[in-house]
Each structure stands twice: as C-alpha cells, then as structure tokens.
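Working notes, beginning with the structure itself.
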Amino acid sequence: MCSASTSSNTTVVGTESDIEIIDPPSTYVSAMEFSSYHTIRNNYLAASCFDRTVRLWEVRRSRKNEPKTVIEMPSLILDIAWSIHGRGVYMASIDNQLQFIDFGKPNILLYSANNYHDGPVRTCNVIKKTNYISCIMTGSWDKTIKIWDSRCIEPVVTINLPYNIACADVEDDMAVVCTERGMIYVYELGPRIKMTAYFNTHQSESCSAAIFRDRRTGKPAGFTLGTPEGFIIPIYIDKSHDVPNVEIAMPLNNNAAVNDIKYHPINHVTAVLGSNGHCSFFNMEPPGATILLDKCCQASINKCCFNVDGTIFAYNTFRDNSQVCQLISQIKCIM
C-alpha cells in the first residue's frame, strides 16, 4: 500500500454561509442521517445524541429548518438508520437492543425478537436491495453481526467474528464490517453469503468506513477507510479496476482522526471529516485523489450526511468551552 499526495490547488473556505440547524443538541452526536423519503421542498434529518435523545428536523430547500420532535430514550443510542420507506429510524442501543421509532407514532417499539445481542449494539444498517431487502444488519461489541427481519423473532443470519465491531456500511449486495485490531470483512449478501477478509496495515481500529460505487455502472466497487492517524484508504473490490490502493493524508493532518466518510449519491464526491476541524471534499477518481474543497471549522467535526439527491450536506461540530465547562455542539447544512 503506497502513499499519495493530493492537489495543492485547494479552495479553503469558512462556514459563515452555512445554515445552522435550529435547537441543536447540547452534546455529542453519535449518528446523523437524512431520510430516503423526501419531497421537492422538504427533507427530514434525524440525529441520535449522547444526552439519550433522538431528534428530528425538517430541512427545507428555502434554507429554513424546523425542529419536529425530541424523543428521550432509556439508554444511549450509538447508531441510527432510516427505514426503507422513511417512516422512522432503527436505533442501535447500548443496552444490547435494536429499537425502532415511528415518527408518526413516536413510541419506542421493541421487536418481539429473541437473541438480540450480548453486548452494546454499535452499528445498524438497513439493507435496501438483494435477498435481504428491508432487513436490518446490526454489529455488536459481543463480536457478532446479525441480520434481522422484523417479521421474525430470530435473526435470519448470525455471523461470529473474533473482535468487537467498530463500524460498518451496507450498499446493495455489499456489506463492510470493521473490527478492532485492524480487521475488515467484506460480505456479498447473496443467497449464500460470501466473505473476504482484509487487514488494515495501520493495525488500528478504523474510525469510519464507506462503500463507494463505480461511476459507470453504479454498482458498489469498493470501500474507503478512515483511520485514527488521519489517513483515508480507498480499497477497490471490483477486479475491473486495476488500481493500486493508496493512503491519502487529511489536510493539515497532525495525526487528526478521520471521524466520518460519506459519498455523494450522484457525483460520488467523497466528504471526509477530521477531528482537526477540516471537512474536505475529494474527487477519488483513479489513479489519484484531488481535494475539491476544504472547509475549515473552529471545532472538531464529528458526523455528516448527504440527503438522498445530494443537494444538502449536513455536518456536526463540537468543542469544549473550558471557561464555562460547556460542550458547544452545532449542526449545519450546506445547500
């Protein structure tokens, strides 16, 4: 695996023109995602927070936004995923359970299922295609991956792994699961699940992982890892791409962790968040990488997401104000 340098002709901008979400949480955001259902004018943004709340905003294309609901949970939520029809969100809970909120009926619904997990549920991802359409994949610190069908009381698939799950992503028939000690498992979600194992040469737990698509076919072609050392590592699975895997350093790296990675749903530009306050947009087209835009914030950037058609990008910043012993958290949107 080799290193790659990025273009020096980078446009660095501030965040003054970005739209601040009204009534943001006063603590860390553990997960954030736009609904797959939207209208011409409106989008819905959900976020889970360390104050044990799940929040919903309506984000309008007129650059206005409105808080819709704040739901208090009995335990911390580590990840969320919108249902395929956009009626509510699944939640990965620290109390070992997969939960669901229907925003039309804001009650906590626990599935009547057996064998949840024996440890906190770290990730949840809705499967939108293949044989497991509308199923939910969960990854836990009990070292298992499970696929759930809400119509069944038992998981339809259980996969045992040697280490705790750190992060995961699912697109079509590809699932990527990263664990402690630098292990990466790629699954083909067919009638018979096939697995390929990879190893992160940094031997560190990946902070983030995101599947990218082939620009010509639109099918999943590989995935990108974000490391605690501040490197972005795209790995091609599609054998039609004879491209060497490279390591790309975040701008002004300084060993800043890569907190999140998201791909634009239309033009496949890569958004990368750093704990050094940089939100960078890359063109990852082989054989190299070019930074198209670099936003410099005055705080660490934690989570981000695109809406379904890529016209809105939301991100969360946070910083400790030691003078007043307060954590300052903001959610902003770029349109």
Side-chain angles (χ1 to χ4, degrees), residues 1-12 122-123 139 163-169 171 174-186 196-213 220-238 241-264 268-297 299-306 313 315-318:
M1 191 172 290
C2 58
S3 298
S5 59
T6 54
S7 170
S8 59
N9 298 323
T10 305
T11 301
V12 181
R122 178 62 187 89
T123 65
Y163 305 112
N164 291 342
I165 281 74
C167 56
D169 194 21
E171 290 287 346
M174 181 187 291
V176 174
V177 179
C178 302
T179 73
E180 297 173 329
R181 303 192 185 183
M183 293 304 300
I184 305 139
Y185 301 89
V186 180
T196 306
Y198 294 82
F199 183 67
N200 182 349
T201 56
H202 288 273
Q203 300 184 20
S204 58
E205 177 181 308
S206 299
C207 297
S208 52
I211 294 172
F212 58 81
R213 296 177 179 271
F223 59 94
T224 298
L225 301 178
T227 74
E229 299 85 3
F231 290 98
I232 312 152
I233 308 172
I235 298 176
Y236 285 83
I237 304 296
D238 189 341
H241 292 82
D242 186 17
V243 180
N245 296 325
V246 298
E247 293 180 356
I248 304 163
M250 277 287 292
L252 299 179
N253 183 1
N254 298 327
N255 292 322
V258 176
N259 286 339
D260 203 3
I261 301 173
K262 289 293 188 296
Y263 279 89
H264 191 281
H268 310 295
V269 166
T270 314
V272 180
L273 303 188
S275 60
N276 59 358
H278 281 258
C279 175
S280 304
F281 296 88
F282 287 83
N283 178 2
M284 304 286 277
E285 191 73 7
T290 304
I291 303 178
L292 304 176
L293 180 69
D294 182 37
K295 295 185 73 67
C296 184
C297 302
S300 180
I301 314 179
N302 188 33
K303 293 293 179 182
C304 69
C305 56
F306 288 100
F313 176 76
Y315 64 94
N316 163 243
T317 65
F318 64 90

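Residue numbers start at 1 and run along the sequence shown. These numbers come from a predicted model, not from an experiment.
Side-chain contact between Tyr315 and Lys303: absent, with no pair of heavy atoms (C-beta onward) separated by less than 4.5 Å. By the 4.5 Å heavy-atom criterion applied to side chains, Val186 and Tyr198 are counted as neighbours. In this structure, Leu225 and Ile184 have side chains that are in contact, with non-hydrogen atoms separated by less than 4.5 Å. Using a 4.5 Å heavy-atom threshold, the side chains of Met174 and Ile237 count as touching. Between Phe231 and Val258 the shortest side-chain heavy-atom distance does not fall below 4.5 Å. For the pair Phe212/Thr224, a side-chain contact is recorded, criterion being any heavy-atom separation below 4.5 Å from C-beta on. A heavy-atom distance below 4.5 Å is not found between the side chains of Thr317 and Ser300.
Under the ring pair (Phe, Tyr, Trp, His ring centres under 6.0 Å) criterion, Phe313 pairs with Phe281, Phe306, sequence neighbours left out. Residues satisfying the side-chain hydrogen bond (donor to acceptor under 3.5 Å, both in side chains) criterion with Arg213, sequence neighbours excluded, are Glu171, Asp172.
Between Cys304 and Asp260, the shortest heavy-atom contact is N-OD2, 3.0 Å. In this structure, Tyr263 and His268 approach most closely via the heavy-atom pair CD2-O, 3.5 Å. The minimum heavy-atom distance linking Ala209 with Val176 is given by the pair CB-CG1, 4.5 Å.
Side chain of Thr123 to backbone of Gly139: a donor-acceptor contact under 3.5 angstrom is found. When atom types are taken as modelled, the side chain of Ser206 and the backbone of Cys178 share no donor-acceptor pair closer than 3.5 angstrom. One N or O on the side chain of Asp169 and one on the backbone of Ile211 form a donor-acceptor pair closer than 3.5 Å. In this structure, the side chain of Asn302 does not engage the main chain of Asn316 through any donor-acceptor pair within 3.5 Å. Remark: side-chain polar atoms of Thr227 are paired, donor with acceptor, to backbone N or O of Glu229 under 3.5 angstrom.
Rounded to the nearest 0.5 Å, atoms NZ (Lys295) and CD1 (Ile301) are 9.0 Å apart.
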Item to complete: Determine, stepwise, if the pair Thr196 / Tyr185 fulfils side-chain contact (heavy atoms from CB on, under 4.5 Å).
Response: CA-CA 6 Å; Thr196 306; Tyr185 301 89; over 6 Å; no
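In the model, Asp294 has a side-chain atom that pairs as donor or acceptor with a side-chain atom of Ser280 under 3.5 Å.
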